[in-house]
Q: 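Okay, handing you the structure first.
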Number of protein chains: 2
Amino acid sequence: MVAGPTSVGPGKDRLRLWIRLLRASRTIEAELRERLKKEFDTTLPRFDVMAALYRSPEGMLMSDLSRFLLVSNGNVTGIVDRLVSEGLVTRARRNGDRRTSMVRLTEEGSKSFAAIAAAHEGWVGELLGNVSEEEARRLTGMLKSFRSNWEGRE
Amino acid sequence: MVAGPTSVGPGKDRLRLWIRLLRASRTIEAELRERLKKEFDTTLPRFDVMAALYRSPEGMLMSDLSRFLLVSNGNVTGIVDRLVSEGLVTRARRNGDRRTSMVRLTEEGSKSFAAIAAAHEGWVGELLGNVSEEEARRLTGMLKSFRSNWEGRE
DNA sequence: CGAAATTATTTCAAGCTTAAAGTTTTATAA
DNA sequence: TTATAAAACTTTAAGCTTGAAATAATTTCG
């Protein structure tokens, strides 16, 4: 996935783009993961879950988290389990529908996340330092159109 | 990591870009992974390793693979183990330096990869279908400059 | 109502991933 | 030489990830 095209011909430009995209995101992701570990003794998946919850003070269902983070249900279960056991998150059974549970950041989780998020934003700014703000906006615009074409087919 | 910025202010454009980039690559990666599984009963990491080896008929060292694919040494060990057990790859001890081993695709591995790679290229073309070839080239160019700024610091 | 389908979630097995520690081999240099 | 360091790789423990199967609660509809 991270290697170059194996032949030449038409349609290769999209393949090259995909490989660049993947290499860029993997490189940055690896660096962020390492810093999260070293500086805050946490992981990217935990950060992702906490970031989602931080934006939803009212809480999120497990399936909301799963959908939003683009990962499987079972995956979220494990990550939330660990966050709960660390006191950063709560899982509250709902009266209305007892299949679901509302997941929320605790006070401690919220404080903890705010500190990590500030550092995280700085790191991203640093790692993408040679992309101008103007260029960043243009790239962002281009990337927005990626999904619309095919997702949600079936 | 996949959530939006948690506040507004200067420097947010790079954070937005990073989030878009990550969402785009995760979405596409998930779709490719699913198709590799369904159509060829294989995985993305296996595909990555085979793609790297396909481009190096003379073979690669474990550490070459690790560096090229941006993953840890131990990770490559496991994936190559499984590919060897499936007869797709060989690991040959070298006379010159007996710490190292040269990893190569077998005949079967090479044939198998060629078929998967053809399908893979088609999928990428499809998934990035609403990015024009021209736009793909421009985006690729922009992404090239990502790493140079900070990586290789040591 | 009550069976059947749907929805939300958890559990499970297998594989991926990392960082750190361990093994073996090669290189360095006192 | 021969200790010591360095390099290449494997192993390990912990956590992440998926898809599929299992549970439990709710909804649908005959």
Q: Between A:Glu134 and A:Arg137, is there a side-chain N and carboxylate O pair less than 4.0 Å apart?
A: yes
Q: Output the residues of residues 75-95 of chain B in contact with DNA chain C, where contact means a heavy atom of the residue under 4.0 Å from an atom of the strand; sort by number or write none.
A: B:Asn75, B:Ile79, B:Arg82
Q: Check whether the side chain of A:Arg99 and the base of C:dT7 form a donor-acceptor pair under 3.5 Å.
A: yes
Q: Anything under 4.0 Å to a heavy atom of chain A counts; send over the first and last such nucleotide of DNA chain D, read 5' to 3'.
A: D:dG15 to D:dT26
Q: Just N and O in the side chain of A:Ser63: are any of them under 4.0 Å from OP1 or OP2 of C:dT7?
A: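 So the side-chain polar atoms of A:Ser63 never come under 4.0 Å of the phosphate oxygens OP1 or OP2 of C:dT7.
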Q: Pairing donors with acceptors under 3.5 angstrom, does anything connect the side chains of A:Arg20 and B:Thr140?
A: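 Checked: A:Arg20/B:Thr140 side chains show no N/O donor-acceptor pair below 3.5 Å.
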Q: Just by modelled atom types, is the B:Gly87 backbone N or O under 3.5 Å from a matching donor or acceptor in the B:Thr106 side chain?
A: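 Judged by distance alone, yes, a pair lies under 3.5 Å.
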Q: Measure from the side chain of A:Met62, starting at C-beta and using heavy atoms only, and say which of C:dT26, C:dG15, C:dT10 lies closest.
A: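 Closest of the options to the side chain of A:Met62: C:dT10.
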Q: Just the rounded figure in Å: distance from P of C:dT6 to CG of A:Asp97.
A: 17 Å
Q: To the nearest angstrom, how far is B:Asn73 atom CG from C:dC16 atom P?
A: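 Computing the B:Asn73:CG to C:dC16:P distance gives 16 Å.
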Q: B:Ser72 side chain N/O closer than 4.0 Å to the phosphate oxygens (OP1, OP2) of C:dT18?
A: yes
Q: Distance check needed: C:dA20 P versus A:Asp41 CG, whole Å only.
A: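 Going from CG in A:Asp41 over to P in C:dA20 covers 11 Å.
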Q: Considering residues at least two apart in sequence or located in another chain, which fulfil the side chain to side chain contact (heavy atoms under 4.5 Å, CB included) criterion with B:Ser56?
A: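 Partners of B:Ser56 by the side chain to side chain contact (heavy atoms under 4.5 Å, CB included) criterion, ordered by chain and then number, come out as B:Glu58, B:Met60.
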Q: Report the nucleotide, chosen from C:dT26, C:dT10, C:dC16, that has the shortest atom-to-atom distance to any side-chain atom of B:Arg46.
A: C:dC16
Q: Heavy atoms only, 4.0 Å cut-off, all strands: where does A:Ser66 land among base, sugar-phosphate and nothing?
A: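 The residue A:Ser66 makes no contact with any strand.
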